[in-house]
Student: 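Just passing along the structure, written as structure tokens.
Residue numbering restarts at 1 for every chain, and letters A, B, ... go by the order of the sequence lines.
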Protein chains: 2
Amino acid sequence: MPETETPHDPDGYPVASIQSVLAALSDPVRLEMVRRLDAAGAAQPCSLLYDEVSKSTASHHFKILREAGVLERSKIGGQVHQRLRRAEVDALYPGLLDSVTAALG
Amino acid sequence: MPETETPHDPDGYPVASIQSVLAALSDPVRLEMVRRLDAAGAAQPCSLLYDEVSKSTASHHFKILREAGVLERSKIGGQVHQRLRRAEVDALYPGLLDSVTAALG
DNA sequence: CGGAAGGTTTGATGAGCATCGAACATGAGG
DNA sequence: CCTCATGTTCGATGCTCATCAAACCTTCCG
């Protein structure tokens, strides 16, 4: 029987420097992605995480967030999902995501 | 008799959006400025807050931090000083500066 | 008054980045 | 197998921004 999902596909990125994480978070499109992921509390398919930009632009932003160690790509039932790596970021920069997501309402 | 200092010269900037504050903090030169101001715990003359860039570049970075509402310019005994607006930023984005300065060691 | 020191402003330059369309990849379903 | 849906990659473009030198402003001091 096939597993319903493969929980491990960490994309191998460590959480980056505070400077890189702040840079990753300092864009309105990416901030909205993080906001929606945080609100959802679970991994989401890419298309639910933006509206105002093209697919290729969104993919570019996902990559930046992933390389900063803020997001992780996984496949759930063949669908690409993005997950907010809250625990990992919290471990390195406690309170950072809390303050940011609080500010995002 | 002239006052030894004029404590009020707030430059009139409110603390900006979380996106703008994150953008202001996402540069290595500016992060170092904030780190030194936080470590000092008091307003400092400009020249103590950077080494690696020219005066004009530093002045550019001060302006960005001021416009984001993170710094404030004041004159102490005729000397220009920069002050970290910790209380003001904390009020709007609690925990943000704490997590950032903690990450800066 | 006349320097000198400390900051700011201006103008120019080069690098980085956000953006898009088009082509490609992958997987699900008929 | 073919097609559609969903993401990613590639190449090009335009804008923003970090950087500097030079000129300017202010304040202090001789």
Student: So, is B:S54 close to the D:dC20 phosphate, meaning a side-chain N or O under 4.0 Å from OP1 or OP2?
Tutor: yes
Student: Among C:dG7, D:dT8, C:dA18, which is the nearest nucleotide to the side chain of A:Q82?
Tutor: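 Nearest to the side-chain atoms of A:Q82, counting from C-beta on, is D:dT8.
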Student: Base, sugar-phosphate alone, or nothing: which one does B:S47 contact when heavy atoms must sit under 4.0 Å apart?
Tutor: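 If one applies the 4.0 Å heavy-atom cut-off, B:S47 turns out to touch the sugar-phosphate alone, with no base involved.
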Student: Considering only side-chain heavy atoms of A:H61, which listed nucleotide, D:dA18, C:dT19, D:dT8, is closest?
Tutor: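 Closest of the options to the side chain of A:H61: C:dT19.
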Student: Using the side-chain heavy atoms of B:V80, tell me which of these nucleotides is nearest: C:dG27, C:dG7, D:dT8.
Tutor: C:dG7
Student: Verify the distance criterion only: is there a donor paired with an acceptor across the side chains of B:S17 and B:S20 at less than 3.5 Å?
Tutor: yes
Student: For the side chain of A:T57, starting at C-beta, report the closest nucleotide among C:dT8, C:dG7, C:dC20.
Tutor: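 Taking heavy atoms from C-beta onward, the closest nucleotide is C:dC20.
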Student: Do A:R85 and A:D90 sit within salt-bridge range, that is, some charged N less than 4.0 Å from a carboxylate O?
Tutor: no
Student: Considering only NZ, NE, NH1 and NH2 on the basic side and carboxylate oxygens on the acidic side, decide whether B:R83 and B:E88 come within less than 4.0 Å.
Tutor: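 Between B:E88 and B:R83 there is a salt bridge, with a charged N closer than 4.0 Å to a carboxylate O.
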Student: Here's a test of your reading of the structure: between B:K63 and A:V29, which maps to the more 5' nucleotide of DNA chain C?
Tutor: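 Per heavy-atom nearest nucleotide, the more 5' residue is B:K63.
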Student: So, is B:K55 near the phosphate of C:dG6, with a side-chain N or O under 4.0 Å from OP1 or OP2?
Tutor: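 B:K55 to C:dG6 OP1/OP2: no side-chain N or O under 4.0 Å.
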Student: Counting side-chain heavy atoms from CB outward, which of C:dC20, D:dT6, C:dA18 is closest to A:V53?
Tutor: C:dC20
Student: With heavy atoms under 4.0 Å as the rule, sort A:S59 into base, sugar-phosphate or nothing.
Tutor: base
Student: Quiz question: by atom type and distance under 3.5 Å, do the side chains of B:T57 and B:S54 form a donor-acceptor pair?
Tutor: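 Side-chain D/A pair, B:T57 to B:S54: present.
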Student: Could you say whether B:H60 or B:S56 is positioned toward the 5' end of DNA chain D, judged by the nucleotide with the nearest heavy atom to each?
Tutor: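 The answer here is B:H60.
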